[in-house]
Each structure stands twice: as C-alpha cells, then as structure tokens.
Asker: 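My questions all concern the structure below.
Values reported hereafter were calculated over all heavy atoms of this structure, with side chains retained and with hydrogens, waters and symmetry mates removed. Computed from a prediction, not measured in an experiment: that's the story for all the values here.
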Amino acid sequence: MEILPRGVAATYLSGTATGIFGSLFLLYLPEHAVAQGLPVETGSHLPVALWLGGAVVLGIAIAYGILRTRSRTSAEKRMTDQATKDLYVKENRDAN
C-alpha cells in the first residue's frame with residue numbers, strides 16, 4: 001500500500017467522507033421532501049433565450065476579434081524578429 005502525502009490523503013478522505021455522509025443523508029430523506037408530480041410552468045422562456053442569444057453573440061464577437069488580430073503582416077514579423085535579435089545582441093554585450 002502506498003503512503004500518500006498529507007495534503008493528498010486529507011483531500012481523499014474528505015471526499016470519501018462527503019460521499020458517505022451525502023449517501024446517508026439521501027437514504028434517510030423523508031418521502032414527503034422529494035418532488036412530487038410534473039414540473040410546473042413558472043414563466044416565460046424569453047429571458048433565458050435572450051441570455052443564451054447574448055452569450056452566443058458575445059462568443060462570436062470574441063472569436064472574430066481574436067482571429068482578426070491574431071495574424072501579423074510580413075513587415076510586422078520582420079520588425080519583431082529584428083527587435084528580438086537586437087535584444088539578444090544587447091544582452092550578450094552586457095553579459096561580457
């Protein structure tokens with residue numbers, strides 16, 4: 001049997017204890033505490049649809065922005081490479 005480090009063992013035992021106590025709680029739950037019958041219609045689905053639509057639009061806008069700004073022109077790539085080479089030369093000069 002492998003000995004677990006202190007934090008890992010505590011986490012494992014905590015999860016196990018939670019599972020056991022949760023199971024016992026559900027086992028002894030009174031019958032009148034569980035839901036009975038069919039679900040009740042509580043209201044309009046419009047707000048949920050608006051939130052979902054807003055999340056989709058926001059996701060598309062973020063993806064578009066990332067894809068649009070991710071690519072660099074060849075001039076920008078050359079400028080970045082040159083700046084990197086200049087930085088390496090400066091670091092080597094300062095180290096010697």
Side-chain angles (χ1 to χ4, degrees):
M1 184 171 153
E2 182 181 348
I3 298 177
L4 297 174
R6 185 177 198 163
V8 174
T11 303
Y12 176 75
L13 292 175
S14 172
T16 304
T18 303
I20 290 171
F21 288 125
S23 299
L24 289 175
F25 174 74
L26 291 176
L27 184 65
Y28 290 106
L29 190 66
E31 288 184 25
H32 65 274
V34 296
Q36 298 174 2
L38 296 173
V40 177
E41 184 67 35
T42 57
S44 173
H45 296 293
L46 182 63
V48 176
L50 289 175
W51 277 39
L52 182 62
V56 168
V57 169
L58 181 61
I60 290 171
I62 290 172
Y64 174 76
I66 289 172
L67 292 174
R68 181 90 171 146
T69 60
R70 179 173 285 178
S71 61
R72 296 184 295 162
T73 64
S74 60
E76 291 171 332
K77 290 178 186 177
R78 284 194 305 271
M79 188 182 347
T80 303
D81 290 339
Q82 186 59 44
T84 303
K85 289 177 185 176
D86 293 343
L87 182 62
Y88 287 155
V89 167
K90 181 181 179 220
E91 286 179 356
N92 286 336
R93 192 177 338 126
D94 292 343
N96 295 328

Asker: Check side-chain contact (heavy atoms from CB on, under 4.5 Å) between Ile60 and all other residues, then give those that pass, not counting sequence neighbours.
Answerer: Val56
Asker: Please name all residues satisfying side-chain contact (heavy atoms from CB on, under 4.5 Å) with Ala61, sequence neighbours left out, ordered by chain then number.
Answerer: none
Asker: So, for Ser44 and Pro47, which heavy atoms are closest and what is the spacing to 0.1 Å?
Answerer: O-CD, 3.6 Å
Asker: Closest approach of Lys77 and Arg72, non-hydrogen atoms and distance?
Answerer: CE-O, 3.5 Å
Asker: Show which residues join Val48 in its hydrophobic cluster (side-chain heavy-atom contacts under 4.5 Å, direct or indirect), or state none.
Answerer: none
Asker: Other than Trp51, which residues form its hydrophobic cluster under the rule that side-chain heavy atoms must be closer than 4.5 Å?
Answerer: none
Asker: I'd like a table of donor-acceptor pairs (distance under 3.5 Å, sequence neighbours excluded) in which one partner is a side-chain atom from residues 84-94, with atom names and distances.
Answerer:
residue: Thr84; atom: OG1; partner: Thr80; partner atom: O; Å: 2.9
residue: Asp86; atom: OD1; partner: Gln82; partner atom: NE2; Å: 2.9
residue: Asn92; atom: ND2; partner: Tyr88; partner atom: O; Å: 3.4

Asker: Between Leu50 and Leu58, is there a shared hydrophobic cluster once you connect ILVMFWY residues whose side-chain heavy atoms come closer than 4.5 Å?
Answerer: no
Asker: Not counting sequence neighbours, which residues clear side-chain contact (heavy atoms from CB on, under 4.5 Å) with Ser74? List them please.
Answerer: Arg78
